[in-house]
Amino acid sequence: MTVLRVVLRHDVGARGRDAFHFTDLLGHDVVKLRHREARREFLELEVGDDVVVAKNGIHPLHMRFRADDLRNLSFRGAATADQHVCRNWHECAPFGSFLRAMVAVRSGSGKVPWALHPVSVQCPTMDPVRVRFAPSPTGYLHVGGGRTALFNWLYARHHGGTFILRIEDTDRTRSTGEAIEQIFASLRWLGLDWDEVYRQTDRFDRHREVAADLVRQGAAYESDGAVWFRVPPHGVTTIPDLLAGDVTVQHTELKDYVILRSDTTPTYNFACVVDDHDMGITHVIRGAEHLNNSPKQLLIYHVLGWSPPQFAHVPLILGPDRSKLSKRHGAGSVLDYDERGILPEALVNFLARLGWSHGDQEVFSREELVALFDLPGVNTSAAVFDDEKLLWLNHEWLRRLEPHRLGELLAERIVVRGVADRAAVKDIGREKLARAAVLLRERGRTLVEMADRARPYLPGSVELSADAQDLCTPELRSALREVAMRTEALRDPSAQEFEIVLRRAADELGLPMKSLAPAVRVAVSGARVGPGLYDLLAVIGPEIVAARLRTAAGGEKKG
RNA sequence: GUCCCCGUCGUCCAGUGGUCUAGGAUACCGGGCUUUCAAUCCGGCGACGGGGGUUCGAAUCCCCCCGGGGACACCA
């Protein structure tokens with residue numbers, strides 16, 4: 001048994017929102033401190049001698065304090081249970097079974113000073129986290145689904161839990177095998193590996209069996225060939241959502257709904273409950289569009305006597321028009337981003353930051369995300385997908401990649417984009433590819449942009465635009481010939497050596513670098529803009545440089 | 001229409017009653033550096049939806065309004 005100690009230091013701050021609670025992962029034996037007058041600065045939690053969390057901690061166990069449960073606490077002190085503290089979630093150490101806390105309390109609503117009192121809370125031993133991503137294979141996986149998958153995956157990995165992939169293919173008319181393959185490919189590309197995978201269609205017998213139980217006990221009935229769940233006519237159902245807080249729905253708002261279609265296949269709201277239960281799901285992390293389904297599902301848990309998982313409905317991703325991101329917003333498929341030359345590292349980073357944050361940090365590696373991600377950092381408002389920022393992040397990640405790996409990605413892309421064939425790419429070698437990639441990535445935001453500008457680094461000639469040709473006056477042409485000659489004398493020159501050669505040539509020919517440099521650049525690369533000239537020349541190599549200089553100097557249209 | 005959720009710069013976030021003349025990022029606009037572009041550095045533009053409360057004090061708590069979104073299927 002681990003003893004945790006929560007110390008409330010000082011009393012500052014209030015946040016009278018139901019959305020902020022302390023809860024354990026299973027929702028068992030939880031305690032909520034009334035947050036009305038909640039005040040506190042931070043919690044300090046300890047496991048044994050190790051302090052495991054302070055403000056904005058990153059720990060796996062969310063303690064939830066409920067006002068009602070406070071009465072069950074043993075107070076060492078004179079406090080009564082209906083005055084207290086604390087809002088905000090916080091986490092305790094992993095797998096604690098006992099919690100001792102110091103809570104700030106006061107015995108009146110007036111200006112009675114706060115006092116610290118110790119409390120003890122019995123916590124159940126935590127079951128390991130089991131979460132699932134449950135896409136419906138009716139189309140490609142778009143970024144909204146990708147983010148839901150990511151959040152689930154991160155949550156599982158952060159807590160050392162299990163990430164389950166469940167294909168929700170109960171709608172046999174709309175589900176396709178192709179879509180399933182797409183989903184697998186998308187998750188693989190994002191780097192979200194799953195520990196278990198299920199197909200709902202494989203479990204129809206089980207669904208029918210549970211439906212029959214429901215009918216037998218009168219909780220469901222058959223009508224017109226379908227089986228309907230009977231919603232209690234009165235009362236309310238409250239979903240304790242980890243993000244939205246308690247969401248209460250009147251039963252009068254709900255209608256009886258179909259759980260088994262007339263073809264005996266189960267529907268979503270039913271199959272989902274049976275499977276989540278059977279698979280031992282501890283946390284249902286899904287898009288906010290499902291919030292309204294939760295009461296229906298909770299009702300089934302109740303009549304079956306099953307304990308429900310914890311729910312966390314994550315905010316939606318919106319398109320530029322502020323409606324839920326969907327296929328009609330264009331490039332929504334996860335794999336489209338691959339095609340656009342976006343790195344999975346960048347998309348993962350971007351998606352994580354849409355609705356989740358860790359202070360002001362913007363760039364996160366996968367490892368950092370696993371270490372830092374947790375539900376308390378997730379916010380509740382919908383976010384607009386901003387392509388510009390994605391591009392910026394992609395550039396950041398391009399610049400962080402190991403050069404040789406980037407070179408390989410570039411090579412692939414060069415071939416795909418038809419900039420050169422595989423043989424030409426192979427010809428320049430791994431080393432040069434990496435060096436070229438390093439130059440290219442400074443001015444390209446995607447692999448596609450890089451590949452499309454890679455021509456100068458590949459063997460063969462470059463095409464000079466008419467505009468570029470104009471740069472080469474007769475005077476410069478002879479200068480280019482001179483530079484070509486001097487270049488040929490070089491053996492594997494570095495950028496510095498190229499600089500010396502050019503400067504000396506310019507000097508001796510009485511030409512300012514301002515006119516020689518652009519001419520050389522255009523002659524060698526075909527473009528007026530690009531990387532630092534000497535770096536460019538060094539990567540391309542003296543042979544090709546000299547050849548291209550001579551071609552340009554010769555005045556032919558094609559080099 | 002009904003119910004539910006949400007509401008800080010154009011966009012993404014920080015902010016958990018005083019440290020906020022509101023911070024970071026992106027985008028945009030100037031300037032420096034440079035053979036170009038990029039990177040980088042410096043500077044700038046730019047937000048607490050509105051109204052009432054509570055409080056000595058509110059971006060933060062409460063209420064109303066407004067706005068946005070989502071859900072109301074034998075889709076998931």
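Lettering of chains follows the sequences in order, A, B, ..., and the numbering in each one begins at 1. No experiment lies behind these values; they were computed from the predicted model shown.
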I want to verify a distance call: between [options], whose nearest atom is closest to the [X] side chain?
| X | options | result |
| --- | --- | --- |
| A:Asp360 | B:G24, B:A27, B:G69 | B:G24 |
| A:Trp392 | B:G69, B:U26, B:C5 | B:U26 |
| A:Arg322 | B:C3, B:G68, B:A76 | B:G68 |
| A:Arg445 | B:A27, B:C74, B:C37 | B:A27 |
| A:Val258 | B:G68, B:A14, B:C74 | B:C74 |
| A:Arg521 | B:A76, B:U36, B:A25 | B:U36 |
| A:Glu388 | B:C3, B:U35, B:U26 | B:U26 |
| A:Ala244 | B:A38, B:C3, B:C5 | B:C5 |
| A:Leu354 | B:C12, B:A71, B:C6 | B:C12 |

With both distances under 3.5 Å as the test, what is the Watson-Crick or G-U wobble partner of [N]?
| N | result |
| --- | --- |
| B:G23 | B:C13 |
| B:A59 | none |
| B:C37 | none |
| B:G67 | B:C6 |
| B:C72 | B:G1 |

Counting just side-chain N and O atoms, does [X] come under 4.0 Å of either OP1 or OP2 of [N]?
| X | N | value |
| --- | --- | --- |
| A:Arg399 | B:U40 | yes |
| A:Ser323 | B:G68 | no |
| A:Lys255 | B:A73 | yes |
| A:Ser357 | B:A14 | yes |
| A:Lys324 | B:G68 | no |

N/O donor-acceptor pair, side chain [X] with base [N], under 3.5 angstrom:
| X | N | result |
| --- | --- | --- |
| A:Arg353 | B:C13 | no |
| A:Glu362 | B:G24 | yes |
| A:Asn293 | B:A71 | no |
| A:Thr380 | B:C6 | no |
| A:Arg528 | B:U36 | no |

May I have the step-by-step check of salt bridge (Lys or Arg N to Asp or Glu O under 4.0 Å) for A:Lys389 and A:Glu362, ending in yes or no?
CA-CA 10 Å; A:Lys389 191 152 182 182; A:Glu362 296 286 352; 3.3 Å; yes
Pairwise [atom1] distance, [M] and [N] [rounded to whole Å]:
| N | M | atom1 | result |
| --- | --- | --- | --- |
| B:A76 | B:C20 | C1' | 44 Å |
| B:A27 | B:G68 | C1' | 23 Å |
| B:C66 | B:G24 | P | 36 Å |
| B:C63 | B:C5 | P | 12 Å |
| B:U16 | B:G32 | C1' | 41 Å |
| B:A22 | B:C9 | P | 14 Å |
| B:G43 | B:G50 | C1' | 34 Å |
| B:A47 | B:C13 | C1' | 13 Å |

Residues [X], [Y]: salt bridge by 4.0 Å N-O rule:
| X | Y | answer |
| --- | --- | --- |
| A:Asp171 | A:Arg174 | yes |
| A:Arg199 | A:Asp202 | no |
| A:Glu508 | A:Arg486 | yes |
| A:Asp535 | A:Arg435 | no |

Base, sugar-phosphate or nothing for [X]? Non-hydrogen atoms, less than 4.0 Å.
| X | result |
| --- | --- |
| A:Gly355 | sugar-phosphate |
| A:Thr170 | sugar-phosphate |
| A:Asp224 | base |
| A:Gly530 | base |
| A:Thr267 | sugar-phosphate |
| A:Tyr534 | base |
| A:His313 | nothing |

Step-by-step side-chain contact (heavy atoms from CB on, under 4.5 Å) determination, A:Glu168 to A:Phe133
CA-CA 10 Å; A:Glu168 307 239 327; A:Phe133 174 56; over 6 Å; no
Whole angstrom value for the distance that separates [atom2] of [N] from [atom1] of [X]:
| X | N | atom1 | atom2 | answer |
| --- | --- | --- | --- | --- |
| A:His142 | B:A76 | NE2 | C1' | 11 Å |
| A:Ile239 | B:C5 | CD1 | C1' | 11 Å |
| A:Asp171 | B:C74 | CG | C1' | 10 Å |
| A:Leu316 | B:C12 | CG | C1' | 16 Å |
| A:Glu396 | B:U40 | CD | P | 7 Å |
| A:Phe311 | B:C4 | CZ | P | 18 Å |
| A:Asp386 | B:U26 | CG | C1' | 7 Å |
| A:Asp535 | B:U36 | CG | P | 15 Å |

If we check side-chain contact (heavy atoms from CB on, under 4.5 Å) with A:Val384, which of these qualifies: A:Asp321, A:Leu318, A:Ile317?
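When side-chain contact (heavy atoms from CB on, under 4.5 Å) is applied between A:Val384 and each of A:Asp321, A:Leu318, A:Ile317, only A:Leu318 qualifies.
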Among A:Val448, A:Asp387, A:Leu347, A:Leu447, side-chain contact (heavy atoms from CB on, under 4.5 Å) partner for A:Ile342:
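So the option named by the test is A:Leu347.
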Does the A:His283 side chain pair with the main chain of A:Ile285, one donor and one acceptor, at a distance under 3.5 Å?
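Flag not set: sc A:His283 to bb A:Ile285 has no pair under 3.5 Å.
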Between CG of A:Asn292 and NE2 of A:His313, what distance do you get to the nearest 0.5 Å?
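NE2 of A:His313 is found 8.5 Å from CG of A:Asn292.
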Which comes earlier along RNA chain B counting from the 5' end, the contact point of A:Trp356 or that of A:Pro531, where each point is its nearest nucleotide?
A:Trp356
Most 5' of A:Lys514 and A:Val384 on RNA chain B, judged by nearest nucleotide:
A:Val384
